[in-house]
Amino acid sequence: MTHTILVLNGPNLNLLGTRQPEIYGHSTLADVEENCRALGAELGLEIECRQSNHEGVLVDWIQEARLSHTGIMINPGAYSHTSIAILDALNNFEGPVAEIHISDIHKREAFRHHSYVSHRADEIVIGKGVEGYSIGLRALHARLS
Ligand code: CA2
């Protein structure tokens, strides 16, 4: 059985590589997504990457993934710290969920220290830069194998 992983990036992550490189590095979102696809091919996973700046769109995609994907890797961006709606949607997804944060949210402003998504995530990768996406993908692969 081929496992299909939905890789979701939330608000402002489309700006990766264009500003604040001291926090988020120099890779663009296209680089990150390409790396995920390459690693997915190596691991035998089918990868689908999407990004949205809109909470409801992310909720819709998570709901739809119940029928089409076996795992979700998500960097919810700032919605991590505010969105019970995204948490509720993930709670209705049966497969493993990996939460990724490029920066170390625990070493930043206090309002970034709590993540609602962490209440559901099976794997949490924080502060490893964009390498965190590879770590998260490998962790999902291990859980699905
Ligand atoms: O560290 C992470 O991955 C975050 O999820 C990134 C979010 C932030 O709100 C979270 O607290 C932590 C923000 C993403 C914004 O990304 C940008 C990248 C380059 C330029 C501007 C924004």
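Not measured: the values here are computed from a predicted model. In each ligand, atom 1 is the first atom listed, and ligand 1 is the first ligand listed.
Distance CG/D122 to CZ/R120: 5.0 Å, rounded to 0.5 Å.
Of the N and O atoms on the side chains of S118 and E99, at least one donor lies less than 3.5 Å from an acceptor on the other residue.
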Show the distances, to 0.1 Å, for all pairs joining an N/O atom of ligand 1 and a protein N/O atom that are shorter than 3.5 Å, listing one pair per line.
unit_1, atom_1, unit_2, atom_2, d
ligand 1, 1 (O), I102, N, 3.2
ligand 1, 1 (O), S103, N, 2.8
ligand 1, 1 (O), S103, OG, 2.6
ligand 1, 3 (O), N75, ND2, 2.8
ligand 1, 3 (O), I102, N, 2.7
ligand 1, 5 (O), N75, OD1, 2.9
ligand 1, 5 (O), H101, ND1, 3.0
ligand 1, 9 (O), A78, N, 3.3
ligand 1, 9 (O), R112, NH1, 2.9
ligand 1, 11 (O), H81, NE2, 2.7
ligand 1, 11 (O), R112, NH1, 2.9

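Not one N or O on the side chain of H54 forms a donor-acceptor pair closer than 3.5 Å with the backbone of P11. Proximity of a side-chain donor or acceptor of Y79 to a complementary backbone N or O of E55 within less than 3.5 Å is detected.
Within the structure, ring pair (Phe, Tyr, Trp, His ring centres under 6.0 Å) pairs that include any residue of residues 116-145 comprise H114-Y116, H114-H119 (at least two apart or interchain).
Between M73 and I100, the shortest heavy-atom distance links the atoms CG-CG1, 3.6 Å.
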